[in-house]
There are 2 protein chains.
Amino acid sequence: MINKAYIPEAVILAKGEYPSLPLPLQLLEEARYVVCCDGAANEYISRGRTPDVIIGDGDSLSPENRVKYADLIQHIPDQETNDQTKAVHYLQKKGVRNIAIVGATGKREDHTLGNISLLIDYMRSGIEVRMFTDYGVFIPIQHTQTFASQVGQQVSIFNFNAKGLRGEGLFYPLSDFNNWWQGTLNEATANEFTIHCTGEYLIFLTY
Amino acid sequence: MINKAYIPEAVILAKGEYPSLPLPLQLLEEARYVVCCDGAANEYISRGRTPDVIIGDGDSLSPENRVKYADLIQHIPDQETNDQTKAVHYLQKKGVRNIAIVGATGKREDHTLGNISLLIDYMRSGIEVRMFTDYGVFIPIQHTQTFASQVGQQVSIFNFNAKGLRGEGLFYPLSDFNNWWQGTLNEATANEFTIHCTGEYLIFLTY
């Protein structure tokens, strides 16, 4: 059962809009280890915090932070991935398997789409990952799974390659959706719901 | 050739974040016909404008606007679609074939994903549609197409069911992507680029 209780080993602060909701902010605050993606470190530092690592080339850091935190900057040259993925790989190499990502959405929509869909790839590489936004949480899932919920909680399902999709405890029936919008705006009808299927999908749960 | 010159017959103001960039704002300003999705009408009206139609049940309109603009409200009961799609269908019934959508992103990410992916469905139903955000424009495309561009312009391609994807005038090679992020963050290398393929995809061009 997937439920709210979730204590990540590390939190990645990505380069979208800085979180403003208590839940993602609290995750950042209580994180045992924080990786900032490049320029995102500026605002984190301005709030009196110090990241454990800054991933990127430091180009979007303020000149002051670039000097002051030079020893925290990990420059990972790889044109094929973005800073969020570099941060995940960095943590993965350190043996971290349980990651929360915040601040990954809310600016350029193609970045938002890219960052969200990368969760599927992280799951495939053995990472347990959740992305917390100002509106809800995205979780990549494989096969049949049960989720804790509240009655009326909004649920959206984005199908990647799942077959035989069937819901239990959801207001609208599921099918093998092939466009993103088709699984959006569903609703939990009880304190848990189950998605039956074989394959991969993303779930978005409002708080 | 797809280029910037685009004068829509109608503009839909959706219920995401109100546009703040000159381009989407100008589209709204110069629109011959404006459809507001429900609560989005409040801010449009507060800027001294009057929509031609308000789609929705009026629930998110201010009590004052609900009374004052009662004759503009088109309540279309259909649990299977959202207000953006109802607005498209409304225009389609009036014979409109050329639509710009603004204000459709920037709030709940599942709504953003849903709204963007619906462009593919609108294209299938014969509508020429573009979605203008504060960062760029999404255009649903079928088969091989050439686009006007500037050198260095950022281009992201989201593959729905296209096969044989091959680019010309793009920095990174294309392939038959199966995850959303794989076609993001490409770049035009000349004043036009061509995407060769059979099938449907979404393109995102930064301004």
Side-chain angles (χ1 to χ4, degrees), chain A residues 16-17 20-21 79-85 104-124 131-138 140 154-161 171-173 177-187 200 202-207, chain B residues 16-17 20-21 79-85 104-124 131-138 140 154-161 171-173 177-187 200 202-207:
Chain A
E17 249 169 46
S20 63
L21 215 73
Q79 282 221 309
E80 299 299 308
T81 64
N82 66 6
D83 286 345
Q84 177 185 285
T85 297
T105 63
K107 284 187 182 166
R108 254 177 69 173
E109 292 84 2
D110 55 341
H111 292 187
T112 291
L113 291 176
N115 287 342
I116 292 170
S117 70
L118 280 160
L119 298 176
I120 292 282
D121 288 28
Y122 306 155
M123 171 180 70
R124 284 180 194 158
M131 178 184 282
F132 295 85
T133 80
D134 278 346
Y135 302 92
V137 55
F138 281 99
Q154 301 264 297
V155 179
S156 289
I157 297 145
F158 300 96
N159 186 20
F160 279 69
N161 54 39
F171 191 80
Y172 296 106
F177 307 126
N178 52 38
N179 195 342
W180 312 344
W181 66 269
Q182 292 171 312
T184 61
L185 311 193
N186 215 322
E187 214 177 285
E200 297 168 327
L202 270 175
I203 190 150
F204 178 78
L205 296 163
T206 55
Y207 297 132
Chain B
E17 250 168 44
S20 62
L21 215 74
Q79 282 221 310
E80 299 299 309
T81 64
N82 66 6
D83 286 344
Q84 177 184 284
T85 297
T105 64
K107 284 188 180 166
R108 255 177 67 173
E109 292 85 1
D110 55 342
H111 292 188
T112 290
L113 292 176
N115 287 342
I116 291 170
S117 70
L118 281 161
L119 297 176
I120 292 282
D121 288 28
Y122 306 155
M123 172 181 70
R124 284 179 193 158
M131 178 184 282
F132 295 85
T133 80
D134 277 347
Y135 301 92
V137 55
F138 281 99
Q154 300 264 297
V155 179
S156 289
I157 297 146
F158 299 97
N159 186 20
F160 279 70
N161 54 40
F171 190 81
Y172 297 105
F177 308 126
N178 52 38
N179 196 340
W180 311 344
W181 65 271
Q182 292 171 312
T184 61
L185 311 192
N186 215 322
E187 215 176 285
E200 296 169 327
L202 270 175
I203 191 150
F204 178 77
L205 296 162
T206 55
Y207 296 132

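Bear in mind that the values here come from a model prediction, so they are computed numbers and not experimental data. Note on naming: letters A, B, ... go to the chains in the order of the sequence lines (proteins, then strands), and numbering restarts at 1 for each one.
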Considering only heavy atoms, which portion of L118(B) lies under 4.5 Å from any heavy atom of chain A: side chain, backbone, both, or neither?
->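 Both parts, backbone and side chain.
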When only pairs under 4.5 Å are counted, which of Q182(B), H111(B), Q154(B), E80(B) shares the most heavy-atom pairs with chain A?
->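 Greatest number of close heavy-atom pairs with chain A: Q154(B).
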When only pairs under 4.5 Å are counted, which of T133(A), T85(A), L185(A), T184(A) shares the most heavy-atom pairs with chain B?
->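 Max contact count across the listed options: T133(A).
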Pick from W181(A), W180(A), F158(A): which one makes a side chain to side chain contact (heavy atoms under 4.5 Å, CB included) with D110(B)?
->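 The single option meeting the side chain to side chain contact (heavy atoms under 4.5 Å, CB included) with D110(B) is F158(A).
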Quick one: does L113(B)'s side chain get under 4.5 Å of F138(A)'s, heavy atoms only?
->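 They are in contact (side-chain heavy atoms under 4.5 Å apart), so the answer is yes.
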Nearest 0.5 Å, what's the CG-CG distance between N161(B) and N178(A)?
->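 So the CG of N161(B) and the CG of N178(A) are separated by 8.5 Å.
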Roughly how far apart are N179(A) CG and D121(B) CG, rounded to 0.5 Å?
->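 If I round to the nearest 0.5 Å, the distance is 5.0 Å.
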Closest non-hydrogen atom pair, E109(A) against D134(B) =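 That would be OE2-N, 4.5 Å.
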Take atom CZ in F171(A); do more than 12 heavy atoms of anything else shown fall under 6.0 Å from it?
->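 No - once you tally the heavy atoms of other residues, nucleotides and ligands closer than 6.0 Å, there are 12 at most.
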